[in-house]
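Naming convention: chains lettered A, B, ... in sequence-line order (proteins, then strands); numbering from 1 in each chain.
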Protein chains: 2
Amino acid sequence: VAATTSVEIDERMAAADAAFSTWSSWPPARRAGALDRVADALDQAAEELVATADAETALGEPRLRGELARTTGQLRLFGAVLREGNYVDAVITTADDATARPDIRRMLTPIGPVVVFAASNFPFAFSVLGGDTASALAAGCPVVVKAHEAHPQTSRRTWEIAQVALSAAGCPDGVLGIAFGFAAGAALVRHPLTRAAGFTGSQRGGRALFDVAAGRPDPIPFYGEFGSVNPVFVLPQAAREHTAQIAAGYVGSLTQGGGQFCTNPGLLFVPDEPALLSAIADAIAGVAATPMLSRGIHSAYLRGAEAMAGVDGVSVLARGVGGGDDRGGWMATPQANVVSVSSFAQHAGELAEECFGPAGLIVTYRDAAELGGVVDALAGNLTASIHAEGSDHELAGRLATPLARKVGRLIFNGWPTGVAVSWATHHGGPWPATSAAAHTSVGATAIARWLAPVAYQSWPDDLLPSALRRDNPLHLARRVDDTFPD
Amino acid sequence: VAATTSVEIDERMAAADAAFSTWSSWPPARRAGALDRVADALDQAAEELVATADAETALGEPRLRGELARTTGQLRLFGAVLREGNYVDAVITTADDATARPDIRRMLTPIGPVVVFAASNFPFAFSVLGGDTASALAAGCPVVVKAHEAHPQTSRRTWEIAQVALSAAGCPDGVLGIAFGFAAGAALVRHPLTRAAGFTGSQRGGRALFDVAAGRPDPIPFYGEFGSVNPVFVLPQAAREHTAQIAAGYVGSLTQGGGQFCTNPGLLFVPDEPALLSAIADAIAGVAATPMLSRGIHSAYLRGAEAMAGVDGVSVLARGVGGGDDRGGWMATPQANVVSVSSFAQHAGELAEECFGPAGLIVTYRDAAELGGVVDALAGNLTASIHAEGSDHELAGRLATPLARKVGRLIFNGWPTGVAVSWATHHGGPWPATSAAAHTSVGATAIARWLAPVAYQSWPDDLLPSALRRDNPLHLARRVDDTFPD
């Protein structure tokens with residue numbers, strides 16, 4: 001697929017801007033109908049799309065089929081969000097003549113055309129019609145997607161199929177645009193018509209684009225999700241009582257999908273006891289190598305795993321089964337390294353960096369009291385998990401308070417991979433996990449990234465948006481003065 | 001007051017960070033009690049505080065007394081927000097075994113110590129204990145305030161009085177710090193422990209600090225409010241039927257407080273009809289000069305008003321009464337300039353810039369159809385107002401849609417000055433009005449700037465924050481799955 005030229009980028013953004021007034025003024029339920037049509041069209045083209053993505057990414061049919069279903073499920077979830085309508089967060093202050101307070105009615109409104117960067121590791125769910133695009137379209141914002149180099153044909157076909165469905169739904173041209181080629185990324189973020197950008201990918205690439213967004217004459221929000229090491233704390237009683245279950249759970253989460261999830265448990269803290277370590281070693285040793293997304297990602301994995309094992313005090317605990325059907329040299333062998341908590345503390349800068357792939361670092365502690373200092377030293381992460389049983393609970397509670405400052409999601413007796421798409425989902429976290437800790441890129445409230453409030457003061461009822469009219473025609477749950485909802 | 005040294009800035013931020021775990025873990029109602037104590041103490045010290053501020057700013061006792069009442073009212077409003085508790089925006093997704101969906105409970109939590117920049121034009125309401133500080137303390141975030149050079153003694157005394165009240169309420173040391181001197185500003189934003197900053201002031205100063213925040217190794221949110229020209233559109237029938245009322249309302253809003261409000265109506269669009277223009281000229285001519293905040297602001301006003309009048313096609317419509325008791329050369333004479341809409345369009349870059357003070361630009365149009373182009377050319381503003389009567393309504397509706405993209409508040413048959421502090425208040429707008437269009441610096445929801453979500457997955461009830469417990473002990477309005485509230 002040819003790289004999009006700067007003239008074409010101008011055209012795409014102008015078309016998105018031109019589509020904005022129509023698309024944003026459609027009643028939410030009408031936008032929901034268009035999203036449903038796109039979801040249906042993608043489901044109907046599943047055979048072709050999965051085959052195309054499989055040829056480009058080596059993720060394999062079962063995973064890709066599941067991911068496509070997740071993607072169309074997301075589109076339908078945002079349809080449901082629109083039909084319910086409370087995402088506009090309507091708040092009303094009624095007039096009070098005694099204090100000369102005017103009637104004020106506030107709601108969230110779409111901000112204009114936005115840019116979405118597709119991720120390498122999810123050719124459907126974080127790509128052309130992934131969660132960023134679905135939430136932005138739902139919000140009323142036209143989208144130009146920067147397709148990822150790792151799966152251009154999948155991106156192009158997904159876009160074409162969506163275009164047909166959007167046209168059939170009567171959507172204005174320009175509601176969904178696409179651009180290809182590395183250079184298009186910064187150009188889209190820099191474009192004067194762009195009002196915000198969403199990104200899932202590496203910290204290095206994301207930081208460069210963040211700087212472009214912040215350096216504009218008119219800075220725009222940049223919602224970047226950069227992945228993280230997702231620390232897991234196994235507390236002493238849990239380690240003793242659930243040794244086998246924890247070993248199996250850890251290795252499953254670490255190696256799932258070739259370890260190519262941003263919620264991969266890269267850092268595991270366990271008591272320095274042979275039983276759990278040998279159970280983990282045994283579990284790792286039984287896992288076969290899996291193909292990675294691309295040759296480039298595979299090379300980076302080999303470098304990262306080697307660098308980790310080369311740090312002072314780190315040793316290899318176990319490796320998985322090597323070899324396998326190596327399509328193009330993409331096969332990655334799982335690997336678990338081990339280090340003491342004191343050595344970890346000395347090299348935390350290097351060791352708490354994400355190694356994208358199925359390589360984990362296990363940090364052993366002798367005294368659970370050492371974990372407090374570890375938490376304080378952690379940078380921002382998407383998730384943290386605690387495994388606790390009985391007498392561990394008190395420590396779990398003490399660790400949770402400082403951890404809540406460092407992560408977006410806290411998991412109890414579970415593993416970080418597998419991000420449910422729901423109302424309560426928060427897929428985010430402090431820098432460097434994301435560039436906007438107050439926002440999520442997964443789940444219903446991801447729509448908030450593309451909205452900003454507008455307050456109508458003393459505005460006549462017949463000119464108000466439906467969401468704010470006095471008779472509440474959309475039956476929204478609105479705050480009215482101190483009553484919530486009315 | 002001596003400038004705060006860099007060593008002292010380190011100490012202030014370290015103290016704020018040390019206070020965070022205690023302050024943020026107090027139940028919201030306990031933080032509310034501390035805010036109430038501070039409000040009471042400031043009210044009790046009103047005589048001294050108003051006298052101190054009057055000596056430093058020349059705003060005059062009546063205005064300062066009113067502003068202090070607004071300030072303590074804000075502290076009590078945030079107390080009420082905390083006692084109600086719904087600001088944590090609790091959202092719950094229950095477990096579903098059929099789809100292997102875990103229980104997820106999300107709420108907003110405080111982000112850590114933050115920095116607040118006091119504004120020149122509100123020595124109480126946007127200063128040491130102003131809305132930014134009140135909302136951040138309410139959120140659970142310790143604050144270090146950068147005091148404004150225009151009123152150091154007022155800042156120092158306000159802080160001392162608040163300190164006594166906070167201590168009496170048992171608050172940890174470091175919950176509220178203060179720093180003086182221009183250089184402290186960038187140092188505070190750059191400090192590793194700072195998690196966000198709030199700012200009200202000039203676009204130039206704000207942009208410089210925004211760049212510091214965005215350029216950090218770990219960028220932090222910078223909530224800057226830079227003021228704007230707040231366009232007002234008087235439509236034809238309204239202009240004819242309410243000539244005197246509109247002239248009086250405009251001049252009152254333009255010259256209120258010496259024109260030193262960020263919602264000052266700097267730009268007025270009116271039909272090119274002599275009746276309204278002469279009514280405005282008459283009204284301006286009767287307004288006496290008023291003292292401005294400081295000599296520096298006064299000089300900038302003279303330069304700005306002169307520059308505006310010097311642009312091609314601009315002429316002076318009327319000036320107010322000059323002279324008066326000129327304390328230190330701070331007296332500003334109101335002035336209205338006039339220009340045709342076509343000349344305005346040619347020089348919109350210069351003419352749509354804020355001139356801080358009681359100088360307005362009146363843009364005359366012959367055909368209301370010309371206003372659509374004007375709206376499209378506008379940059380971001382805090383507010384826009386429309387005056388419409390009868391047959392004007394249809395045009396008002398058509399202008400409102402594009403205006404809603406450009407401003408944070410739309411006012412009908414009213415004037416932008418006077419920002420009610422309420423739940424529905426939105427004091428914000430797209431760049432360059434603010435640096436964070438999705439947020440407000442006034443009103444109950446200003447608290448959201450200092451919060452970020454944390455989701456608890458499969459978390460045991462006894463370790464959950466009260467806001468998320470299964471029995472809902474705080475009686476919050478929570479979304480549970482598709483039901484809102486539960």
Side-chain angles (χ1 to χ4, degrees), chain A residues 21 25 84 86 91-93 101-102 104-106 109 111-112 210-211 214 218-219 221 393 396-397 400-402 404-405 407-414 420 422-426 428 430-432 435 437-438 440 445 451-460 462-463 477 479 481-482 484-485, chain B residues 21 25 84 86 91-93 101-102 104-106 109 111-112 210-211 214 218-219 221 393 396-397 400-402 404-405 407-414 420 422-426 428 430-432 435 437-438 440 445 451-460 462-463 477 479 481-482 484-485:
Chain A
S21 65
S25 65
E84 190 212 61
N86 286 316
V91 179
I92 294 166
T93 295
R101 187 181 71 187
I104 308 175
R105 290 160 186 268
R106 188 187 69 192
T109 57
I111 55 175
F210 173 90
D211 289 343
D218 56 335
H393 269 230
T401 305
R405 274 185 84 175
V407 309
R409 179 164 55 113
L410 284 163
I411 302 151
F412 199 83
N413 288 351
S422 79
W423 269 103
T425 301
H426 182 57
W431 186 278
S435 61
T440 177
T445 55
L451 300 165
V454 174
Y456 293 81
Q457 179 173 323
S458 309
W459 210 256
D462 60 313
L463 293 182
R479 172 187 285 276
D481 299 327
D482 293 333
F484 183 61
Chain B
S21 66
S25 66
E84 190 212 62
N86 285 315
V91 179
I92 294 165
T93 295
R101 186 181 71 187
I104 308 176
R105 293 161 184 264
R106 188 188 67 192
T109 58
I111 55 175
F210 172 91
D211 289 343
D218 56 335
H393 268 230
T401 304
R405 273 185 84 174
V407 308
R409 179 164 55 115
L410 284 164
I411 302 151
F412 199 82
N413 288 351
S422 78
W423 269 103
T425 301
H426 181 58
W431 186 277
S435 62
T440 178
T445 55
L451 300 165
V454 173
Y456 293 81
Q457 179 174 323
S458 308
W459 210 257
D462 60 314
L463 294 181
R479 173 188 284 277
D481 298 328
D482 293 332
F484 182 62

Interface moiety of B:Asp482 toward chain A, non-hydrogen atoms closer than 4.5 Å: both
Engaged part of B:Pro219 at the chain A interface, taking heavy atoms whose separation is under 4.5 Å: both
4.5 Å side-chain heavy-atom contact, B:Thr93 and B:Asp481: yes
Pairing residues for B:Arg409 by the salt bridge (charged side-chain N to carboxylate O under 4.0 Å, His left out) criterion, not counting sequence neighbours: none
Residue part contacting chain A, namely of B:Leu463, when any heavy atom lies under 4.5 Å: side chain
Which portion of B:Ser458 sits near chain A, non-hydrogen atoms under 4.5 angstrom: both
Heavy-atom contact with chain A under 4.5 Å, split by part of B:Pro453: both
A:Thr445 vs B:Arg106, side-chain hydrogen bond (donor to acceptor under 3.5 Å, both in side chains): CA-CA, chis, key distance, verdict: CA-CA 11 Å; A:Thr445 55; B:Arg106 188 188 67 192; 2.6 Å; yes
Part of B:Asp218 within contact of chain A (heavy atom distance under 4.5 Å): both
From A:Gln457 atom CD to A:Ile104 atom CD1, the distance as rounded to the nearest 0.5 Å: 5.0 Å
side-chain contact (heavy atoms from CB on, under 4.5 Å) against B:Ser435, all qualifying residues, sequence neighbours excluded: B:Phe210, B:Phe222, B:Phe226, B:Trp431
B:Pro430, part contacting chain A, at a heavy-atom distance under 4.5 Å: neither
A:Phe484 six-ring face occupied by A:Arg479 cation (under 6.0 Å, within 45°): yes
Interface residue of largest heavy-atom contact number with chain A, from B:Ala420, B:Ala396, B:Ser422, under 4.5 Å: B:Ser422
